[in-house]
Amino acid sequence: MIKKKSPTSADALIGLTKREIQDFCVIRMINAQLSGDWSRAGLEREASEAVADLLGRIPVGSYVPYDVLVHDQREVSSATSPGLIGTDQQPDSMIQVMRNASITARLGATLYPGLVGDAGIPRQEDASNAAWIDNETYSGTDKSSPTYSALNLSPKTLRVRIDISRKMLKQSQPMIEGLLRDEISGAIGGGIDAAAIYGSGVAPIPQGIVGASGTNSVEIDTNGGSLDWSHLVLMESKLGNHQQLPGQAYVCNTGTLGALKTTPRDTVGNVGGFLMADDGTVNGHPCLVSNTLPNDGTKGTGTDLSTMVFGAWSSLIVALWGGLDLEADKVTLGERGGIVLRAFQDIDLGLRYPGAFTVVEDIVT
C-alpha cells in the first residue's frame with residue numbers, strides 16, 4: 001500500500017519503495033487505460049492517484065510518479081517478474097534520458113525537477129560594494145548593499161505525441177517499455193530546447209532566450225553578413241560581469257556550423273586556422289549544434305539568415321512539476337490497430353540572468 005504524502009510536500013515524490021519502483025510498468029498502465037480493466041495494474045493506478053492527490057489535479061490519463069522518473073536502476077530479475085522485465089532493462093531514469101536528449105541540458109542549463117507549487121528563484125540584481133575607511137575613526141561612507149528580485153516560475157503544459165504501431169505492440173514488453181521511455185524523454189527534451197531558444201513568451205509558451213528582455217545582441221550588417229572572429233569575441237564580451245558564471249558555450253544550427261568550419265579566423269594567410277578549432281571549440285568554448293536555431297530569418301534585403309547564441313547556460317532554469325501524465329488513445333490509429341500515446345509534462349523556463357546571453361540573428365550561411 002502506497003503511503004500518500006501531503007499536498008504540501010516540498011517535492012513530487014510519493015514515497016514508492018524500491019520494489020514498487022522496480023515493479024512499475026508503463027505498458028501495464030497503458031493497457032489498463034485502453035481496456036478499462038485495472039485489475040492487473042493496481043500499483044500503477046494507486047501511484048497515479050497518489051500523484052493526483054499530491055498535485056491537487058486530475059490527470060488527463062494516468063500519472064507516472066516522479067519516483068519512477070528519477071530512479072536510476074530497474075534491478076528486477078526474470079525470476080521475480082517472469083516474462084516482464086529482465087535484469088537492468090532500464091539502467092537510466094527518464095529524467096536522465098531527457099537530460100541527455102536535450103541540448104540545453106547538455107549545455108549546462110539548471111534543472112529543477114519534481115516541483116509541486118509555483119517556484120520563485122532568487123537573483124541578485126547588483127553586487128555589494130566595498131569602501132575604504134580610516135583605521136582610527138572607522139569613518140567613511142557606506143556603499144550600497146545588493147538588491148534581490150525573484151524569477152517566478154509556474155507550470156505550463158508541454159504535450160508530446162508518440163504513435164505506437166500494431167507490430168510494435170506485439171514486441172516483447174521490456175523492448176517496448178525501454179523504447180517508450182526513450183521516445184517520451186527525447187520528445188520532451190526537444191520541446192524544451194525549442195522553447196528555451198525561441199519560445200514566444202505568449203501563453204501558454206514560455207519565453208525563450210531569443211527575444212527575451214535584457215539579453216545582449218550583436219548585429220553583423222544592415223542586411224546580415226558573414227560571421228567572423230570579431231563577432232564571436234564580441235558575443236562573449238557582451239556578457240560583462242556574467243562571464244564569471246559557469247556553463248559558457250555557443251550553440252548554432254548546421255548551416256552556421258559549416259561556416260565556422262570553413263571560415264578562416266584571419267583573413268590574411270589563414271594563420272589562425274578556422275573559426276572552429278580542430279577540437280570543436282569556438283573562441284575557446286564548446287559549441288553545440290541544434291537546428292532548433294532558425295535559418296530563415298530576414299533583415300533588410302537579407303533572407304535565410306541564421307541565429308547563433310552564446311551564453312552562460314547555467315543561468316537558464318528548466319523547472320518541471322510533478323509526474324508525467326500519459327494518455328492512451330486507440331481511436332486515432334484504430335483502423336491500423338495502433339495507438340497514440342500522449343504525454344503531458346508541466347514545465348516552465350526562465351533566465352536567472354538575461355544578460356548572461358548574447359544573440360546574433362543575421363548570419364549569412
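Under a 3.5 Å cut-off, the side chain of Glu20 and the backbone N or O of Thr17 do form a donor-acceptor pair. Looking at Gln33, its side chain does come within 3.5 Å of a backbone N or O of Ala328 through a donor-acceptor pair. Not one N or O on the side chain of Thr281 forms a donor-acceptor pair closer than 3.5 Å with the backbone of Ala277. Listed for the Gln345 side chain is no donor-acceptor partner under 3.5 Å among the backbone atoms of Thr157. Remark: side-chain polar atoms of Arg352 are paired, donor with acceptor, to backbone N or O of Pro122 under 3.5 angstrom. Between the side chain of Trp313 and the backbone N or O of Ala105, no donor-acceptor pair lies under 3.5 Å. A donor-acceptor pair under 3.5 Å links the side-chain atoms of Gln244 to the main chain of Asn241, judged by distance alone.
When all heavy atoms of Ser226 and Ile220 are compared, the pair lying nearest together is O-CG2, 3.8 Å. Closest of all the heavy-atom pairs between Thr110 and Ser314 is OG1-O, 2.7 Å. Closest approach of Cys252 and Leu257 over heavy atoms only: SG-N, 3.8 Å. The shortest non-hydrogen separation linking Leu245 to Ala312 is CB-CB, 3.6 Å.
In this structure, His231 and Met308 have side chains that are not in contact, with every pair of non-hydrogen atoms separated by 4.5 Å or more. Between Tyr353 and His242 there is a side-chain heavy-atom pair separated by less than 4.5 Å. In this structure, the side chains of Lys238 and Val359 stay at 4.5 Å or more apart for every pair of heavy atoms. Leu351 places none of its side-chain heavy atoms less than 4.5 Å from the side chain of Ile317. Residues Tyr250 and Met235 form a side-chain contact, since some pair of their non-hydrogen atoms from C-beta on lies under 4.5 Å apart. Counting only heavy atoms from C-beta outward, the side chains of Phe310 and Leu239 approach each other to under 4.5 Å. Looking at Ile347 and Lys156, their side chains never come closer than 4.5 Å, going by heavy atoms from C-beta outward. Using a 4.5 Å heavy-atom cutoff, the side chains of Asn295 and Asp304 are not in contact.
In this structure, CH2 in Trp38 is found 7.0 Å from CZ in Arg45, a value given to the nearest 0.5 Å. Taking NZ of Lys330 as the start and CG of Leu341 as the end, the distance is 14.5 Å to the nearest 0.5 Å. Taken to the nearest 0.5 Å, the CE atom of Met29 stands 12.0 Å off from the CG atom of Leu34.
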May I have the list of side-chain donor-acceptor pairs in residues 195-208 shorter than 3.5 Å, sequence neighbours left out?
from, atom 1, to, atom 2, distance (Å)
Ser200, OG, Val202, N, 3.2
Gln207, NE2, Gly199, O, 3.3

Q: Decide yes or no on side chain to side chain contact (heavy atoms under 4.5 Å, CB included) for Asp329 and Ile339, but give the supporting numbers first.
A: CA-CA 6 Å; Asp329 166 20; Ile339 68 169; over 6 Å; no
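Counted by atom type alone, Thr292 and Asp193 present zero donor-acceptor pairs between their side chains at under 3.5 Å. The closest side-chain donor-acceptor pair between Asp325 and Ser62, if any, does not fall under 3.5 angstrom.
The environment of CD in Gln243 is crowded: more than 12 heavy-atom neighbours from other residues, nucleotides or ligands sit within 6.0 Å. Atom CG of Asp221 sits in a crowded spot, with more than 12 heavy atoms from other residues, nucleotides or ligands closer than 6.0 Å. Residue Asp278 qualifies as open at atom CG: its count of foreign heavy atoms under 6.0 Å is 12 or below.
The only member of Asp362, Thr301, Val364 that meets side-chain contact (heavy atoms from CB on, under 4.5 Å) when paired with Asn223 is Thr301. Tested against Leu275 for a side-chain contact (heavy atoms from CB on, under 4.5 Å), the candidates Thr256, Leu232, Val282, Asn283 yield a single pass: Leu232.
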